[in-house]
Amino acid sequence: MSEHPHDIEADRRNKLTRLRDEFKIDPFGQRTPGIVPLDQARAKYDEQADADHKADPTQQDRRPVVKVSGRVMQHREMGNLIFMSLRDASGDLQVAVSKKAVPIEQFKLAKITDLGDIVIAQGPLAKTKTGEITVWAAASGGGDSAYAMACKSLAPPPGKWHGLQDPEQRYRKRYIDLYANPQVMDLAQKRIRIIDEIRGFLRERGYLEVETPMMQAIAGGAAARPFITHHNALDIDLYLRIAPELYLKRLLVGGFPKVFEINRNFRNEGISPRHNPEFTMLEAYEAFGSWETMAGMVEEMVCTVAERVFGTLEINHRDTEDTEKITKTINLKRPWRRVSMAELVAERTGWKFDKQPLSAQQIDALRDANKGKDLKLDGTAAEQLVEVYEKLVEPTLIDPTFVTRVPGVIIPLAKRCSDDNDFADVYELAINGQEISPGYSELNDPDEQEKHFRGQVGDSEEQQKIDEDFLEALRVGMPPAGGMGLGIDRLVMMLTGAPSIRDVILFPLMRPRGGGD
RNA sequence: GACCGGGUAGCUCAGUCGGUAGAGCAUCGGCCUUUUAAGCCGUUGGUCGUGGGUUCGAGUCCCACCCCGGUCACCA
């Protein structure tokens with residue numbers, strides 16, 4: 001049949017032909033009602049019924065019968081008895097196909113079943129000699145098969161023991177990764193639950209979920225390089241959004257009191273274990289709030305999510321090799337520390353920020369004490385403060401910390417502190433050594449906002465365009481408001497201990513490979 | 001974008017000083033009705049990331065490029 005007699009795909013295609021010609025079955029299956037997930041099937045096992053049946057097989061068989069389906073992960077053939085391990089999203093369950101218990105064609109089908117095939121088995125639940133709960137395939141009265149093929153797998157499967165390890169293949173072929181590595185499926189489901197709980201939490205508090213443009217004529221709301229795309233009919237370039245902020249604020253202007261959006265942002269920048277070009281962001285705005293409103297909200301939200309999804313406020317990160325070993329514990333117990341950036345820097349370095357730039361001696365001392373950190377300290381006093389914070393302090397903030405009184409120059413969309421115009425009235429929440437969430441007392445003075453924008457345009461080589469319509473909206477009038485953003489991917493990393501953002505995004509961006517990968 | 005590490009059978013990995021390309025599992029053929037990475041006997045499978053170069057001879061040395069991971073830069 002094939003020129004490569006031991007090519008795995010060719011072997012499987014031969015079997016495909018046999019299934020059609022000899023077995024007269026559809027190798028790709030049909031609608032099949034009544035299948036229960038493997039964990040539910042396992043839970044139906046009845047110890048007493050099993051014992052009774054083993055004691056006296058002639059009595060009425062009261063063992064629960066289940067119909068299950070899964071991908072074949074292991075296939076052990078012992079002459080006239082075949083054991084298989086099936087896997088679905090809920091877990092694994094063993095199936096046994098005995099020559100005596102099923103029609104001969106179905107036994108032959110079980111014999112030529114390959115690793116990776118999706119099969120259906122029906123029969124009573126009983127333990128094996130070694131105590132493993134097993135579905136013993138057996139024909140029922142209803143005309144259902146005891147054992148059937150649901151979908152022939154043609155591609156070579158990953159190894160049954162090591163699975164798929166190569167990170168490149170895991171990210172490119174996530175559909176294999178998901179079934180070959182159960183912890184990947186588990187993490188994907190954790191992420192889904194985390195986002196569900198965030199939505200529920202916000203809805204319970206009266207926030208309405210809205211959708212704002214992903215394609216924008218002017219990409220505003222953050223300092224980042226955008227992706228460019230093109231609309232043919234209008235013949236205009238558009239940008240994929242870097243933030244939804246300016247549109248969510250327009251909704252406050254229009255009269256929505258509390259809105260949020262959970263969706264993708266796109267930033268045309270480097271890729272790292274903490275950065276994917278598209279990432280999922282929550283932004284929420286509350287009229288008549290401030291950064292403190294939002295800090296309280298995010299604190300409660302993260303704790304609620306942690307408790308509902310993980311049942312604890314103590315998040316343990318484990319070694320990737322030795323999963324017994326706890327490498328880090330994050331304590332989410334409230335209240336979370338609230339402390340100014342200058343105070344944190346002083347604690348860490350002894351530098352008491354007084355708005356004066358560091359002296360040459362201070363710079364040398366800092367560099368000497370922190371070799372390998374590549375401190376860039378040639379800017380203004382405010383820039384130095386931010387640089388020292390980001391390089392030396394933020395990575396050490398494992399437990400949640402609201403960093404307040406951030407130099408205003410880097411934050412154009414927030415109000416200034418009422419007692420000091422040099423600082424912005426905001427928080428930056430750091431957990432696990434990463435910035436996970438910013439929160440602002442939102443700037444609603446249109447003239448001051450315009451001043452900030454014009455100041456930005458002046459010194460930016462990229463000539464960021466000003467969203468004049470947003471300024472017009474502020475002139476119409478936006479109530480004072482609190483706003484917050486939260487990086488969902490990083491939150492999931494923090495809660496699950498995933499070391500890379502690629503582990504919490506099902507399909508992280510990869511450079512295309514030849515051959516359609 | 002810079003630097004470091006990696007790319008060898010379907011999977012997981014060895015490959016010494018430059019001297020015929022290896023193992024386990026998977027595949028394929030046999031045996032086996034309670035296995036647990038089943039076992040036993042046999043079998044097959046390679047563009048050593050790609051392209052050049054050095055050499056009698058390159059998986060191994062040199063150059064360029066591709067892809068992945070990490071660190072840094074940019075950024076959240």
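Chain naming here is simple, since letters A, B, ... match the order of the sequence lines and numbering starts at 1 in each.
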Euclidean distance for [atom1], [N] against [M] (whole angstrom):
N	M	atom1	result
B/U43	B/G24	P	12 Å
B/G49	B/C11	P	14 Å
B/G57	B/G45	P	28 Å
B/G42	B/C4	C1'	46 Å
B/G10	B/G1	P	31 Å
B/C41	B/G5	C1'	43 Å
B/G18	B/G51	P	24 Å
B/C68	B/G30	P	44 Å

Rounded distance in Å - [atom1] ([X]) to [atom2] ([N]):
X	N	atom1	atom2	value
A/Asn268	B/A76	CG	C1'	15 Å
A/Met73	B/A38	CE	C1'	17 Å
A/Gln94	B/U35	CD	C1'	7 Å

Look at [X] together with [Y] and state whether they make a salt bridge at an N to O cut-off of under 4.0 Å.
X	Y	value
A/Lys152	A/Asp114	yes
A/Glu387	A/Lys376	no
A/Asp177	A/Lys173	no

Does A/Phe83 stack onto the base of B/A38, taking stacking as ring centres under 5.5 Å apart and planes under 30° apart?
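Stacking between A/Phe83 and B/A38: absent.
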
Every protein N/O within reach of nucleotides 23-26 of chain B N/O, cut-off under 3.5 Å:
residue, atom, partner, partner atom, Å
B/A26, OP1, A/Lys160, NZ, 3.0

Salt bridge (Lys or Arg N to Asp or Glu O under 4.0 Å) between A/Arg63 and A/Asp52, worked out:
CA-CA 9 Å; A/Arg63 298 173 301 174; A/Asp52 290 348; over 6 Å; no

In the strands shown, is B/A73 matched to any nucleotide by a Watson-Crick or G-U wobble pair with both distances under 3.5 Å, and which?
none

B/G5 - base-pair partner by Watson-Crick or wobble geometry, distances under 3.5 Å
B/C68

Any base atoms under 4.0 Å from [X], or only sugar-phosphate, or nothing? Heavy atoms, all strands.
X	result
A/Gln74	sugar-phosphate
A/Met281	nothing
A/Lys127	nothing
A/Gly163	sugar-phosphate
A/Pro438	nothing
A/Gly487	nothing

For [X], enumerate each residue passing the side chain to side chain contact (heavy atoms under 4.5 Å, CB included) test, keeping only those at least two apart in sequence or located in another chain.
X	answer
A/Glu292	A/Ser290, A/Arg338
A/Ala41	A/Val36, A/Val66, A/Val68, A/Leu93
A/Asn268	A/Arg225, A/Phe227

With sequence neighbours left out, what residues match A/Phe470 under ring pair (Phe, Tyr, Trp, His ring centres under 6.0 Å)?
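Not a single residue meets the ring pair (Phe, Tyr, Trp, His ring centres under 6.0 Å) criterion with A/Phe470.
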
Under the salt bridge (charged side-chain N to carboxylate O under 4.0 Å, His left out) test, residues paired with [X] that sit two or more places apart:
X	result
A/Asp378	none
A/Asp319	none
A/Glu22	A/Arg18

As a test of reading the structure: which of B/U34, B/G70, B/U35 is closest to the side chain of A/Ser500, going by heavy atoms?
B/G70

From C-beta outward on A/Lys15, which listed nucleotide comes closest to its side chain: B/C72, B/C68, B/C28?
B/C28

Can you sort out which residues in residues 386-398 of chain A have a heavy atom within less than 4.0 Å of RNA chain B? Ascending by number, please.
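Contacting residues: A/Lys391.
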
